[in-house]
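Let me begin by handing over the structure; questions about it come next.
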Amino acid sequence: MAKTILLTGGAGYIGSHTYVELKAAGYDVVIIDNFSNSRRDVADRLAQITDGPVKIHEGDVLDKSFLASVFAQQEFDAVIHFAAKKAVGESVEKPLDYFETNCTGFSNLLMAMRDAGVFRVVFSSTATVYGEPQSLPYTEDHRLAPVSPYAQSKVTCETLLRQLKESDDRWSYGVLRYFNPAGAHDSALIGEDPNDIPNNLMPYIAKVATGELPHLNVFGDDYDTPDGTGVRDYIHVVDLARGHVQSVAKLIDEDATHVLNLGTGTGYSVFDMLRSYEKACGETLPFKIAPRRPGDIDCFYADPASARDYLGFEAQRGLDDMCQTSWNWVSRLRNS
Ligand code: WQD
């Protein structure tokens, strides 16, 4: 009998790629999503990739009766929670919205799970919980120093999970601290599809490559890095999705709680990505040096050893693959 997983926010960028990998691994999967940062037609494209119907309930984690109705309809072996707001800059402007969606929404979900007798959850966290690096690469025991309301909301949820398990040992959870997700599915049918002007580097470069934006603004070229631009640990979204499959399997097979970095251990600069994207799209991409973005730090990247040792997870795909799959996706999207 196939195990059944509930994906909250499963129509989104990382959720949709995780849906595909879960189906490929033989799970039954149900999605809930309010489509606030995704498109309804993702269901058709997921059906095309996975060659079968996609079950999506439209609704919000802030709606307790909606959550109760989902859990009343069928049993789930575990939940993977993606439904959250994730823009650092926006969180500084709207801390209350971020607390409500990311913290209250998550506690609503946990209460609905408890009431339905479902006690396994994989939680989407982020490397920005570490704040200014005291040492690099970031290991999971690096102190937590969230700066933005977004990062604080993730620390709050991680703490809630720890305290919940201390109060009731029936719970097991996987906290996955993402580094910088990038790239798209090989089919070019799903990928990052931001509603407005992207905050993140790769989707911004993608819109320069398609001509939707005039040039890339390089936020500072005077950082303490080899070429002066910011260095980050970009991880292919398909690798990231596979990490979620390994995490949820660990919970189902062993109820083994874990807190892990999901990164590659390799840092790339803004110029590294720009050059790689130029190779992918076959064009020279214009850029301008702009002032540093408030809150940005020079460089961070993961120590990926714990995920390797504990889950057997290792990222397989490099920067060129991230840029090529992103380009294939955005150029198909533009022509569709
Ligand atoms: C990467 C580098 C910028 C845009 C954020 C969140 C993190 C996670 C990933 C949610 C930096 C530079 C960027 C641009 C640029 N999100 N840059 N021009 O800031 O490392 O991480 O997104 O989980 O939580 O903090 O990613 O892609 O915004 O920036 O020069 O137009 O690219 O300065 O050095 P970041 P990013």
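No experiment lies behind these values; they were computed from the predicted model shown. When a residue number appears, it is its place in the shown sequence, counting from 1. Each ligand, and each atom within it, is numbered from 1 in the order the structure gives.
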Pairing of Asp193 and Arg39 as salt bridge, 4.0 angstrom limit: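 Yes, charged N to carboxylate O under 4.0 Å.
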Gln152 versus Thr156, side-chain donor and acceptor atoms under 3.5 Å: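 Judged by distance alone, the side chains do pair up.
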Arg40/Glu58 salt bridge by N-O under 4.0 Å criterion: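 Salt bridge present between Glu58 and Arg40.
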Ion pair Lys250/Asp255, N-O distance below 4.0 Å: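 Salt bridge flag = no for Asp255 with Lys250.
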Presence of salt bridge, Glu158 and Arg162, under 4.0 angstrom: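 Salt bridge absent between Arg162 and Glu158.
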Side-chain ion pair, Arg232 and Asp272, N-O less than 4.0 Å: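 The answer is no: the pair does not qualify as a salt bridge.
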Those protein residues which place at least one heavy atom below 4.0 Å from ligand 1: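 Lys86, Val88, Thr126, Thr128, Tyr150, Asn180, Asn199, Asn200, Leu201, Tyr204, Leu216, Asn217, Val218, Phe219, Gly230, Arg232, Tyr234, Val270, Arg293, Asp296, Phe300.
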